[in-house]
Asks: 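Encoded as structure tokens, here's the structure I'll be asking about.
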Amino acid sequence: MTAERPPMKPTRDPRVTLDDLVEVLLNKGAVLHLDLIVAVADIPLIGVSLRAAIAGMETMLEYGMLRQWDADTRAWAERSATRREVDLRAGEQAVVRMHGGHLLADGFHTTWRPGTVHLTDQRLLVVRREPREVLWEAELAAVRAVRLERERTVGGETRTRVRVELADGAGALLSAADPERLRDLLVRTCPRPLASDDPLPAVPGPDDRALVEGHLWYREPRRDGALWRGGNGRLTPRGLVWKSPLDARPALVLPAADITAVRPGTEPGPGGEGTVFTVGTGSRGTVTLAADEPRRWTGALDSLRGAPPLPAA
């Protein structure tokens, strides 16, 4: 039988500074539970019941808070930035804005020109801010095909580019911070169906279909102690990938062949009791995860390994 923990008591440490307080609020956060009754002459007049969470935005997003507000705010910021950088026509609406570039190939030399890719409901543009210049522009009505291409850079990395083909035979090769998203939005925004000659199919192939996908917590090892982080997990026949909404690249990539075991966890997780499970690997040791519906993940992981599912608790 586990002994009960003693109740927490407020402490005062004279060595704690304002910087320490701000660091705790931003990295871990604080939850306030306050019940207050204001009385005059022993007669209750006003009641206050306060439940509040205070934390940095990264922590809020990792624990599933303010997601819609954050998405709406980012979309509003993108639209506002587009209006500042692009002379929109009357009635023209911004769709998306992201960092990218345009490959200039004029017959004499070939070079990437960095800028910002803007997609509106009428045009696709690549704009440079300083000095301000439209590096490339096309009307959506003239786009007849869009596809993704893989390119090996000088440093040996493989990058995904967006090839845009126009009705007159011209076109452009663009880079984008999120090429798959740009391609999908372009397909949905163009006024006519685009050619589907994409070597990277829009519909995931057999090895890319999602077996399970959704919010997942990852207990990330750090020098000063492991930290629970919330993000999006995606399990395919290739393996498991986890990425925080604020990370540029996935923080966890587990190939299917590297997964050796799946077990229920014993520690409490950010989602409560019974939400934690561990994944044994050959290269990273034991990885600890948590989910609102852990059995969906553990069952899919066991099916991926060809093992029988875990027995019901």
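Treat the numbers as computed from the prediction; the structure is a model and nothing was measured.
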Asks: Would you check if the side chain of Arg234 reaches a backbone N or O of Gly214 as a donor-acceptor pair within less than 3.5 Å?
Replies: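 It does not hold such a pair.
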Asks: May I ask you to say whether Glu149 pairs ionically with Arg163, meaning some side-chain N is under 4.0 Å from a carboxylate O?
Replies: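 Yes, this pair counts.
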Asks: Does the ring of Trp136 carry Arg113 above it, NZ/CZ under 6.0 angstrom from centre and within 45° of its axis?
Replies: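 No; the conditions do not both hold, so Arg113 does not lie above the ring face of Trp136.
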Asks: Using the rule that Ile, Leu, Val, Met, Phe, Trp and Tyr join whenever any side-chain heavy atoms are under 4.5 Å apart, tell me whether Ile43 and Val38 fall into a single cluster.
Replies: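 Yes, Ile43 and Val38 fall within the same hydrophobic cluster.
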Asks: Quick one: does Val117's side chain get under 4.5 Å of His99's, heavy atoms only?
Replies: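 Answer no - side chains too far apart.
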Asks: First locate atom CG of Leu301, then atom CG of Leu240, and finally report the distance between them rounded to the nearest 0.5 Å.
Replies: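 The distance works out to 6.0 Å.
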Asks: How many angstroms lie between atom CG of Leu125 and atom NE2 of His102, to the nearest 0.5 angstrom?
Replies: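 One finds 11.5 Å between CG of Leu125 and NE2 of His102.
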Asks: Considering non-hydrogen atoms only, spot the tightest contact between Gly239 and Leu304 and give its length.
Replies: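 Residues Gly239 and Leu304, closest heavy atoms: CA-CD2, 4.4 Å.
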Asks: Are Trp112 and Leu135 linked, directly or through intermediate hydrophobic residues, by side-chain heavy-atom contacts shorter than 4.5 Å (ILVMFWY only)?
Replies: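 Different clusters: Leu135 never reaches Trp112 through Ile, Leu, Val, Met, Phe, Trp or Tyr contacts under 4.5 Å.
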Asks: Side-chain contact, heavy-atom cut-off 4.5 Å: Glu213 with Asn232?
Replies: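 In short, these two side chains touch, coming nearer than 4.5 Å.
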Asks: For Trp217, which of Thr288, Thr275, Val276, Asp292 qualifies under side chain to side chain contact (heavy atoms under 4.5 Å, CB included)?
Replies: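 Going through the options one by one, the only one that passes is Asp292.
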Asks: Quick check: do Leu252 and Val241 have side-chain heavy atoms less than 4.5 Å from each other?
Replies: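 Of all side-chain heavy-atom pairs linking Val241 with Leu252, none is under 4.5 Å.
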Asks: With a 4.5 Å limit on heavy-atom distance, are the side chains of Arg150 and Arg159 in contact?
Replies: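 No - every pair of side-chain heavy atoms lies 4.5 Å or more apart.
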Asks: Heavy atoms only: give me the nearest Thr236-Ala210 pair and the separation to one decimal.
Replies: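 Heavy atoms only, the tightest pair is CG2-CA, 4.2 Å.
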Asks: How close do Pro191 and Ala141 get, heavy atom to heavy atom, and via which atoms?
Replies: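 Between these two residues, the closest heavy atoms are CG-CA, 3.9 Å.
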Asks: If you count heavy atoms of other groups shown closer than 6.0 angstrom to CD1 of Ile37, is the number above 12?
Replies: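 Atom CD1 in Ile37 is not packed in, count stays at 12 or less.
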Asks: Should Leu103 and Val164 be regarded as members of a common hydrophobic cluster, given that ILVMFWY residues are connected when their side-chain heavy atoms come within less than 4.5 Å of each other, either directly or indirectly?
Replies: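 In one cluster: no.
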Asks: Are Asp121 and Leu140 side-chain neighbours, meaning at least one heavy-atom pair lies under 4.5 Å?
Replies: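 No, too far: nothing below the 4.5 Å cut-off.
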Asks: Can you give me the closest heavy-atom contact between Asp35 and Ser49, atom names plus distance?
Replies: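 Closest pair (atom of Asp35, atom of Ser49, distance): OD1-OG, 3.3 Å.
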Asks: Of all the heavy-atom pairs spanning Thr260 and Thr281, show the shortest one and how long it is.
Replies: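 Scanning both residues, the minimum pair turns out to be OG1-N, 3.6 Å.
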Asks: Are Glu165 and Arg147 close enough for a salt bridge, meaning some N to O gap below 4.0 Å?
Replies: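 Answer for the salt bridge query: yes.
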Asks: Would Val126 and Val134 satisfy side-chain contact (heavy atoms from CB on, under 4.5 Å), going step by step from the backbone distance to the final call?
Replies: CA-CA 6 Å; Val126 182; Val134 177; over 6 Å; no
Asks: Just how far is it from atom CG of Leu289 to atom OH of Tyr218, taken to the nearest 0.5 Å?
Replies: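 One gets 8.0 Å once the value is rounded to the nearest 0.5 Å.
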Asks: Honestly curious: do Leu173 and Leu186 fall in one hydrophobic cluster under the side-chain, below-4.5 Å linking rule?
Replies: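 Different clusters.
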Asks: Under the side-chain hydrogen bond (donor to acceptor under 3.5 Å, both in side chains) test against Gln122, which residue among Gln93, Glu92, Arg89 passes?
Replies: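 Of the listed options, the one satisfying the test is Arg89.
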Asks: Charged N to carboxylate O under 4.0 angstrom, Arg183 versus Asp178?
Replies: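 The answer is no: the pair does not qualify as a salt bridge.
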Asks: Do you reckon Leu124 sits in the same ILVMFWY cluster as Leu166, going by side-chain contacts under 4.5 Å, direct or chained?
Replies: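 Same hydrophobic cluster.
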Asks: Atom OG in Ser244, atom CZ in Arg229: separation rounded to 0.5 Å?
Replies: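 One gets 4.0 Å once the value is rounded to the nearest 0.5 Å.
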Asks: Are the side chains of Val262 and Thr278 in contact, using a 4.5 Å heavy-atom criterion?
Replies: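 Answer no - side chains too far apart.
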Asks: Counting distance only, does the side-chain N/O of Trp242 pair as donor-acceptor with the main-chain N or O of Leu216 below 3.5 Å?
Replies: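 Checked: pair present.
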Asks: Look up atom CZ in Arg238 and atom CG in Leu254, then write down how far apart they are to the nearest 0.5 Å.
Replies: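 Taking CZ in Arg238 and CG in Leu254, the distance rounds to 15.0 Å.
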Asks: Are the side chains of Trp297 and Leu235 in touch, meaning some heavy atoms are under 4.5 Å apart?
Replies: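 Side chain of Trp297 against side chain of Leu235, heavy atoms only: contact under 4.5 Å found.
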Asks: Are Glu139 and Arg123 close enough for a salt bridge, meaning some N to O gap below 4.0 Å?
Replies: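 Not counted as a salt bridge, because no side-chain N and carboxylate O are separated by less than 4.0 Å.
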Asks: Check Pro237 against Ala256 and note the closest heavy-atom contact, atom names and distance.
Replies: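 Closest heavy-atom pair between Pro237 and Ala256: O-CB, 3.5 Å.
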Asks: Indicate yes or no: at least one non-hydrogen side-chain atom of Met98 is less than 4.5 angstrom from one of Leu182.
Replies: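 Answer yes - side chains close enough.
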Asks: Check Arg97, Arg132, Arg128 against Glu85 for a salt bridge (charged side-chain N to carboxylate O under 4.0 Å, His left out) and give me the one that passes.
Replies: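 For Glu85, the salt bridge (charged side-chain N to carboxylate O under 4.0 Å, His left out) test succeeds with only one of Arg97, Arg132, Arg128, which is Arg97.
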Asks: Checking side-chain contact (heavy atoms from CB on, under 4.5 Å) for the pair Leu148/Glu180: CA distance, chi angles, key distance, verdict?
Replies: CA-CA 8 Å; Leu148 301 182; Glu180 290 83 4; 3.9 Å; yes
Asks: Please determine if Glu220 and Arg222 form a salt bridge, counting it only when a charged side-chain N lies under 4.0 Å from a carboxylate O.
Replies: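 Yes, charged N to carboxylate O under 4.0 Å.
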